[in-house]
Amino acid sequence: MPPRTNAPQFSQNTTILLFLVLLVAFFPGSFHYLWTLPLKLLVLPFSLLSSLISSSGTPPTTSSPNTGELPYCQQPQPTMSWSQKTFSLPAQSRGAYLITDIVLNEVPEIKSYKVGLLNLFIQHTSCALSLNENWDPDVRLDMSDTLDRIVPEATDKNPDLYRHSDEGPDDFPAHVKSSLIGTSVTIPIKNGKLATGTWQGIWYLEFRAHKHRRNIVATIQGEKEKQ
């Protein structure tokens with residue numbers, strides 16, 4: 001019987017296969033390298049050509065980057081500023097009073113803010129602040145009369161209308177009116193001015209019968225105009 005000639009070929013293939021299995025077993029990363037090697041060889045000429053073309057172009061400029069093209073998180077952010085002060089209003093008895101001009105005179109810092117908020121807080125429990133009609137004074141008179149009808153004072157016919165009467169019959173109704181209207185207002189600032197509407201003004205409402213001197217805390221938060 002003639003000898004078989006394909007036995008050495010089979011043994012050689014088996015040896016190569018075992019070598020590859022051992023190589024992958026001991027060096028797992030080698031399989032990925034061998035698998036991608038043909039693709040890298042194909043891409044290599046194109047990458048070399050691209051680098052040659054880019055190197056022959058104009059050199060990169062060293063000018064500062066355009067901040068408009070930077071991501072928002074990398075752009076310079078405006079610096080927020082705070083300002084706070086306390087001022088007193090002229091003593092007034094019961095009524096509603098327009099104090100917009102007083103506020104502007106007492107808080108000239110408003111002019112230095114490009115954008116922001118002005119908060120006015122009155123430090124008392126028997127008066128209030130509001131934003132309302134700034135032209136017809138009858139509106140303020142009607143407002144005061146309306147609040148008196150909503151929260152009347154105790155009278156001789158009904159002396160026990162309220163439990164709290166130690167400071168006079170006008171005191172507790174003043175507390176109720178203060179809670180109804182509120183003790184603060186917040187107004188936006190735009191380009192150094194209060195961004196109120198055409199017919200809006202800042203009101204101080206006094207609810208006590210006799211004159212009282214009231215204090216207001218003015219707080220500004222915002223971005224100042226660039227110097």
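All residue numbers refer to positions in the sequence shown, counting from 1.
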Please tell me whether W203 and V107 are part of a single hydrophobic cluster in this structure, the criterion being side-chain heavy atoms less than 4.5 Å apart.
no
Pairing residues for E153 by the side-chain hydrogen bond (donor to acceptor under 3.5 Å, both in side chains) criterion, not counting sequence neighbours:
R94
In a table with atom names and distances, give each donor-acceptor pair under 3.5 Å that connects a side chain of residues 83-93 to protein atoms at least two apart or in another chain.
{"unit_1": "Q84", "atom_1": "NE2", "unit_2": "T219", "atom_2": "OG1", "d": "2.8"}
{"unit_1": "K85", "atom_1": "NZ", "unit_2": "E106", "atom_2": "O", "d": "2.7"}
{"unit_1": "S88", "atom_1": "OG", "unit_2": "N215", "atom_2": "OD1", "d": "2.6"}

Examine distances only and state if a side-chain atom of T146 and a backbone atom of D142 form a donor-acceptor pair shorter than 3.5 Å.
yes
Enter the distance from Y113:OH to I220:CD1 here, rounded to the nearest 0.5 Å.
5.5 Å
Atom of P169, atom of A154 and distance for their closest heavy-atom approach:
CB-O, 4.1 Å
Compare all side-chain heavy atoms of S184 with those of L129 and state whether any distance is below 4.5 angstrom.
no
Filter on side chain to side chain donor-acceptor pair (under 3.5 Å), then keep only pairs touching residues 156-165, sequence neighbours left out; what's left?
H164-D171
Evaluate side-chain contact (heavy atoms from CB on, under 4.5 Å) for I189 paired with K193, printing each intermediate quantity in order.
CA-CA 6 Å; I189 299 172; K193 297 181 180 179; over 6 Å; no
Passing candidate, side-chain contact (heavy atoms from CB on, under 4.5 Å) with V185, options L118, L120, I122:
L120
Worked check of side-chain contact (heavy atoms from CB on, under 4.5 Å) between N134 and T100
CA-CA 9 Å; N134 66 0; T100 305; 5.7 Å; no
Do E167 and R208 make a side-chain contact, defined as non-hydrogen atoms from C-beta onward lying under 4.5 Å apart?
yes
Is there a path of hydrophobic side-chain contacts, each under 4.5 Å between heavy atoms, that joins F172 and V151?
yes
Derivation and outcome, side-chain contact (heavy atoms from CB on, under 4.5 Å), residues I202 and L194
CA-CA 11 Å; I202 305 171; L194 296 179; 4.2 Å; yes
Over all heavy atoms of both residues, which pair between A128 and F207 is shortest? Give the atoms and the distance, please.
CB-CE1, 3.7 Å
I need the H124 NE2 to I216 CD1 distance, nearest 0.5 Å.
8.5 Å
Between E133 and R140, is a salt bridge (Lys or Arg N to Asp or Glu O under 4.0 Å) present by the stated rule, with each step listed?
CA-CA 8 Å; E133 168 75 53; R140 298 193 293 276; over 6 Å; no
Say whether I150 and L161 are linked into one hydrophobic cluster, either directly or through other cluster members, by side-chain heavy-atom distances under 4.5 angstrom.
yes
Could you tell me which residues satisfy salt bridge (charged side-chain N to carboxylate O under 4.0 Å, His left out) with K111, sequence neighbours excluded, listed by chain and number?
none
Which pair of heavy atoms, one from Y204 and one from R214, lies closest together, and at what distance?
OH-CG, 3.4 Å
Just verifying a value: how many Å separate S81 OG and K114 NZ, rounded to the nearest 0.5 Å?
14.5 Å
Report yes or no: do I110 and V115 belong to one cluster of Ile/Leu/Val/Met/Phe/Trp/Tyr joined by side chain heavy-atom distances under 4.5 Å?
no
If you take all heavy atoms of D170 and A209, which pair is closest and at what distance?
OD2-N, 2.8 Å
Applying side-chain contact (heavy atoms from CB on, under 4.5 Å) to I187 and L117, what does each step give before you reach the verdict?
CA-CA 6 Å; I187 307 167; L117 294 172; over 6 Å; no
Without swapping roles, check the side chain of S112 against the backbone of E109 for a donor-acceptor pair under 3.5 Å.
yes
Check side-chain hydrogen bond (donor to acceptor under 3.5 Å, both in side chains) between D148 and all other residues, then give those that pass, not counting sequence neighbours.
K177
Should M143 and Y97 be regarded as members of a common hydrophobic cluster, given that ILVMFWY residues are connected when their side-chain heavy atoms come within less than 4.5 Å of each other, either directly or indirectly?
no
For C127 and T183, work out which heavy atoms get closest and say how close.
O-CG2, 4.2 Å
Can you sort out the partners of N132 under side-chain hydrogen bond (donor to acceptor under 3.5 Å, both in side chains), two or more places apart, ordered by chain and number?
none
